[in-house]
Amino acid sequence: MTMKQILFLGLLIMTLIYGCIEPPEYPIEPVIEFVEMSRTSVKAQITPSDPNRELDTLYITFSFTDGDGDLGGGSFDTTNQNVQLIDSRIGLVDASFRIDDLPNAGVTNGISGEMTVMIPKIFCFPNSEPRDTLIYTIQMIDRAGNLSNEIQTPPIELICD
């Protein structure tokens, strides 16, 4: 066999193998899963705020998949909030984040990856106990308005004293 024939045969085999790989099938709604949290206890902001109090930053990481790849705010949309964190103490959105368009990575429209959100300040309520507990419920929204499943963080101890 000549070198050209060997090269051609190698390319043919690689093409056949690549053509047999099925891209993953994801639902069109985003699906998220909790991965990790940087800490389970944080020094929280006391109201009224004390500018001399050193606060802890919390990082929450979760994975995501989306079958039609329409996560993100759109190139020109600066108002759309795609990730919401709901504070268990009040049952309302406490923090929301805007993510830019996430590019598709391959021949299909589906995307997957991990995302980390940073929460630089968590507040204690007036007259709260020196220690309080908070759980965040997290949900994503794609450009079509599809809501992901909800995930929850482990309990976060707030140090309010």
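Since we're looking at a predicted model, the values are computed, not measured. Because only heavy atoms are used, hydrogens play no part in the values below, and waters and symmetry mates are left out as well, while side chains stay in. Throughout, numbering of the chain's residues begins at 1 and tracks the sequence.
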Practice task
First locate atom CG of D142, then atom CG of D66, and finally report the distance between them rounded to the nearest 0.5 Å.
Solution key: 5.0 Å
Exercise for the section: Output all residues satisfying side chain to side chain donor-acceptor pair (under 3.5 Å) with T116, sequence neighbours left out; order by chain, then residue number. Expected result: T61
Handout entry: Close side-chain approach of M115 to F97, heavy-atom, < 4.5 Å
Key = no
Practice task
Treat each ILVMFWY residue as a node, draw an edge where side-chain heavy atoms are under 4.5 Å apart, and state whether M140 and I151 are in one component.
Solution key: yes
Problem - Listed partners of E33 passing salt bridge (Lys or Arg N to Asp or Glu O under 4.0 Å), at least two apart - result: none
Practice task
Look up atom CD1 in I122 and atom CG in L158, then write down how far apart they are to the nearest 0.5 Å.
Solution key: 6.0 Å
Exercise for the section: Report the distance from atom CG of D87 to atom CD1 of I156, rounding to the nearest 0.5 Å. Expected result: 9.0 Å
Exercise for the section: Consider only side-chain heavy atoms of I, L, V, M, F, W and Y, link residues closer than 4.5 Å, and tell whether V31 and V117 are in one cluster. Expected result: no
Problem - Over all atoms of both residues, closest heavy-atom pair of T133 and P155 - result: CG2-CB, 3.7 Å
Fill in the blank from the handout: What one should report as the nearest heavy-atom pair of M118 and T57 is CG-CG2, 3.3 Å
Practice task
Using the test side chain to side chain donor-acceptor pair (under 3.5 Å), find all partners of D132 that sit at least two apart in sequence or belong to another chain.
Solution key: none
Problem - Residues that R39 engages under salt bridge (Lys or Arg N to Asp or Glu O under 4.0 Å), provided they are two or more places apart - result: D56
Handout entry: Q139 side chain to S148 backbone, donor-acceptor under 3.5 Å
Key = yes
Fill in the blank from the handout: To the nearest 0.5 Å, atom CZ of F64 lies from atom CD1 of I138 at 13.5 Å
Exercise for the section: Would you mind reporting whether S38 and L58 have side-chain heavy atoms less than 4.5 Å apart? Expected result: yes
Fill in the blank from the handout: Taken to the nearest 0.5 Å, the spacing of C160 SG from K43 NZ works out to 13.0 Å
Problem - Whether R131 side chain and I159 backbone form a donor-acceptor pair below 3.5 Å - result: no
Practice task
List the steps, then state whether side-chain contact (heavy atoms from CB on, under 4.5 Å) holds for L85 with I60.
Solution key: CA-CA 10 Å; L85 278 70; I60 302 169; 4.0 Å; yes
Handout entry: CD-CG distance between Q84 and L147, expressed to the nearest 0.5 angstrom
Key = 8.0 Å
Problem - Main-chain N/O of I32 paired to N149 side chain as donor or acceptor, under 3.5 Å - result: yes
Handout entry: Shared hydrophobic cluster for F125 and L92 (ILVMFWY, side-chain gaps under 4.5 Å)
Key = yes
Exercise for the section: List for me each residue that meets side chain to side chain donor-acceptor pair (under 3.5 Å) alongside T137, sequence neighbours excluded, and say none if there are none. Expected result: Q152
Fill in the blank from the handout: Between P30 and L71 the two heavy atoms that sit nearest each other are CG-CD2, 3.7 Å
Practice task
Measure across P154 and F34 and return the closest heavy-atom pair with its distance rounded to 0.1 Å.
Solution key: CD-CZ, 3.5 Å
Completion exercise
Sorted by chain and residue number, the side chain to side chain donor-acceptor pair (under 3.5 Å) partners of S41 (sequence neighbours excluded) come out as E157
